[in-house]
Amino acid sequence: MKTFSLIVPIYNDEVNILPFYQRAKPVLEGLEGVSWRIVFVNDGSQDGSFAKILELRRAEPRINVISLSRNFGYHPVIVAGLSSRQSDLYGIIHVDCEDPPEMLAKFYEEIQKGAQTVYGDRSNRYESVFVVFFRWLFYWINRQIADAPTRLWMAEFVIFTKVVRDAVLANKSTFPFLRAELGYVGYRTVALPYFREKRKLGVS
């Protein structure tokens, strides 16, 4: 039985938490040979997010809750989640369901085939041409000046093994940027294309 920790950053996402859990739980239950945990990491939310995840925790013992002392930002939250548990596999996903939880099952299939990192290639999404151009420009500049390749169009929607997680944390970057950290450590990587959904609840 493999252990799997799914890291879910939370920041003012009260309305998204229950819908996310209702979609993610059946997917996680369907992963054969996996003992799973959802690790909600509250990044100093100012709404009822913390209370909502504590409410879920009382009903579901496979939920873990971390609440940071203030708002640290998205990537430090991911590092806090990855550092909190020892597991065979780790996943990261947004709670707003723009990245569909159902894709996690496809990620896991690739892990079973021998991949060390599997991520969603979000090159298709609902966005203006203006936003798409400047996102492309960001990646282009990043690739020109970075010390190592960056995982393109990743959005931190991913599953990877403990070997990869340990290598990422060992880097001890002062300003962690996960898609760059994953590019730096290497290992066998698979990208699965998908169409990123529109946010249905809350504000981005």
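Every heavy atom of this structure was used, including side-chain atoms; hydrogens, water molecules and symmetry mates were not.
Looking at residues two or more places apart in sequence or on another chain, you find a side chain to side chain donor-acceptor pair (under 3.5 Å) between Thr3 and Asp88. Taking Glu60 as the reference, Tyr21, Arg62 meet the side chain to side chain donor-acceptor pair (under 3.5 Å) condition, with sequence neighbours excluded.
Formation of a donor-acceptor pair under 3.5 Å by the Ser35 side chain with backbone atoms of Gly33 is not found in this model. A donor-acceptor distance shorter than 3.5 angstrom exists from the side chain of Tyr108 to the backbone of Glu32, with no hydrogens or angles considered. A distance-only check finds a donor-acceptor pair linking the side chain of Arg57 to the backbone of Ile63 [under 3.5 Å].
Between Lys113 and Glu110 there is a salt bridge, since a side-chain N of the basic residue sits under 4.0 Å from a carboxylate O of the acidic one.
Here the straight-line distance linking atom CD of Gln86 with atom NZ of Lys162 works out to 4.5 Å at 0.5 Å rounding. Put simply, CD1 on Ile17 and CD on Gln22 are 12.0 Å apart, with the number rounded to the nearest 0.5 Å. A distance of 8.5 Å separates CG in Leu192 from CG in Asp121, rounded to the nearest 0.5 Å. Atoms CG and CG, on Leu6 and Leu104 in that order, are 6.0 Å from each other to the nearest 0.5 Å. Rounded to the nearest 0.5 Å, atoms CG (Asp99) and NE2 (His94) are 5.0 Å apart. For the atom pair Thr161 OG1 and Gln116 CD, the distance stands at 3.5 Å (nearest 0.5 Å).
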**side chain to side chain donor-acceptor pair (under 3.5 Å) assessment of Asn71 paired with Asp43** = CA-CA 5 Å; Asn71 179 253; Asp43 189 23; 2.8 Å; yes
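Between Gly81 and Ile66, the shortest heavy-atom contact is CA-CD1, 4.3 Å. Here the closest heavy-atom approach between residue Tyr11 and residue Ser45 is recorded as CA-OG, 3.2 Å.
In this structure, Phe107 has its ring center under 6.0 Å from that of Phe157.
For the residue pair Arg85 / Ser5, a side-chain donor-acceptor distance below 3.5 Å is found, with atom types taken as modelled. With 3.5 Å as the limit, one finds no donor-acceptor pair spanning the side chains of Ser49 and Glu14.
Annotation: cation-pi geometry not satisfied between Arg23 and Phe20 (NZ/CZ under 6.0 angstrom from ring centroid, within 45° of ring axis).
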